[in-house]
Each structure stands twice: as C-alpha cells, then as structure tokens.
Amino acid sequence: MSLEKILSIAGKPGLYQLKTQTRSGLLAESLVDGKKITVSARQNVSLLSEIAIYTLTEEVPLRDVFTKISEKESGKEAISHKSSKDELEEYFFNVLPDYDEDRVYPSDIKKVLQWYNLLTKSGISDFSEATEDSSEEE
C-alpha cells in the first residue's frame, strides 16, 4: 500500500486508509484499530502523499522523509513522538539536516515521527511513489 491511500483527518487521531469515495465524502479505515468511519466532504483531510517538509532550499515530500527515517532505523520504529522537544529536534536534524527550523515546528516533527511509527507498526514500509500501470505504453 502506498501513501496515496493514507489519510490524516483533522480532529481524528492516527491515520486512515482510504477505502472508497461516497457521494457525501469518503469511507476510511483506521490503521490503529481497523474501525471504519465515514468522513464528510466538509472535514479537512490530507493525503500523506501530498504533504512536504520545508527545507532551506526546497520542499521535501513526506515520502522522502519517511524513507530517510527508515534507512536510519533499518526499517524499524523511530524514537517516540513523546520524547522531549530537544531530542525530537536533534533526531530530525540527523534525518533532514537542512530542514527549515523557522517553518517546521516541534509539533510538526512529533506528527511526522508519530505517523512514521504508526505506518511501521501497520506493516507499511514502502514509501516510494506509486507508479502508473505500464500497460499504457504498448
């Protein structure tokens, strides 16, 4: 499963997998407990594949940050998002040395590490971009 189907829903803890779209919104399944919920079209929903982290030179897609964390941790979980602010910033600096400290807040770092650990616990470790079906080339 790629990040194209993983959602963050404002006001709801954890991450969700997009199951299907409905007339009034969408149906999603929690990665934490497997419960299905309906999400209104009015709710603020973000696809993880669309999120990026500010650096001093560019915006780095979240998938690339997750890949760097995975390489650093050999595919295992990262430090807890409940670690101290200084520990989180030091860890993130080791993963992404040129992140923009003025625009990437400690709360953003917490969220990235929490999401990474949640995805790893759920068995999602392929953060590469989803490729289109190659049959179109024929």
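- S80 places a side-chain N or O within donor-acceptor distance of the main-chain N or O of K82, the cut-off being under 3.5 Å.
- Between V112 and I51, the closest side-chain pair of non-hydrogen atoms is not below 4.5 Å.
- For the pair I9 and L15, the minimum side-chain heavy-atom distance is 4.5 Å or more.
- Of the inter-residue distances, the one linking L26 atom CG with K19 atom NZ reads 12.5 Å to the nearest 0.5 angstrom.
- With sequence neighbours excluded, no residue forms a side-chain hydrogen bond (donor to acceptor under 3.5 Å, both in side chains) with D108.
- From T120, atom OG1 reaches atom CD of E77 across 6.5 Å, with rounding to the nearest 0.5 Å.
- Applying the under-4.5 Å side-chain rule to Ile, Leu, Val, Met, Phe, Trp and Tyr, the cluster around L56 consists of that residue alone.
- Under the rule for a salt bridge (Lys or Arg N to Asp or Glu O under 4.0 Å), K111 has no partner lying at least two apart in sequence or in another chain.
- Considering all non-hydrogen atoms of both residues, G14 and L118 come closest at CA-CD2, 3.9 Å.
- Pairs passing the side chain to side chain donor-acceptor pair (under 3.5 Å) check and including a residue from residues 38-47, sequence neighbours excluded, do not occur.
- Scored by the side-chain contact (heavy atoms from CB on, under 4.5 Å) test, S49 finds L3, E4, L47, R63 as partners (sequence neighbours excluded).
- There is a side-chain donor-acceptor pair under 3.5 Å between D33 and S30.
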Discussion item. Test side-chain contact (heavy atoms from CB on, under 4.5 Å) on L62 and W115; report intermediate values, then the result.
Written reply: CA-CA 10 Å; L62 191 57; W115 287 347; 3.8 Å; yes
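- Here the straight-line distance linking atom OH of Y116 with atom OG of S125 works out to 8.0 Å at 0.5 Å rounding.
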Worksheet item: Can E87 and S84 be said to form a side chain to side chain donor-acceptor pair (under 3.5 Å), step by step?
Response: CA-CA 5 Å; E87 288 176 309; S84 73; 3.3 Å; yes
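- Using a 4.5 Å heavy-atom cutoff, the side chains of P106 and L88 are not in contact.
- Heavy-atom contacts from other residues, nucleotides or ligands closer than 6.0 Å to NZ of K72 number more than 12.
- Between L113 and I79 there is a side-chain heavy-atom pair separated by less than 4.5 Å.
- In this structure, L48 and F66 have side chains that are in contact, with non-hydrogen atoms separated by less than 4.5 Å.
- More than 12 heavy-atom neighbours from other residues, nucleotides or ligands sit within 6.0 angstrom of CD on E59.
- In this structure, Y16 and I37 have side chains that are in contact, with non-hydrogen atoms separated by less than 4.5 Å.
- To the nearest 0.5 Å, atoms OG1 (T20) and NZ (K36) are separated by 10.5 Å.
- Residues Y54 and V60 form no side-chain contact, since every pair of their non-hydrogen atoms from C-beta on lies 4.5 Å or further apart.
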Report, one line per pair, each donor and acceptor closer than 3.5 Å where one atom sits in a side chain of residues 89-99; sequence neighbours left out.
{"residue": "Y91", "atom": "OH", "partner": "E73", "partner atom": "OE2", "Å": "2.7"}
{"residue": "N94", "atom": "ND2", "partner": "E90", "partner atom": "O", "Å": "3.4"}

Discussion item. Evaluate L18 against L7 for side-chain contact (heavy atoms from CB on, under 4.5 Å), listing each step before the verdict.
Written reply: CA-CA 7 Å; L18 174 65; L7 310 169; 4.1 Å; yes
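- Considering CD1 of I124 and NZ of K5, their distance stands at 12.5 Å, rounded to 0.5 Å.
- Once rounded to the nearest 0.5 Å, the distance linking NZ of K110 with NE2 of H81 reads 7.5 Å.
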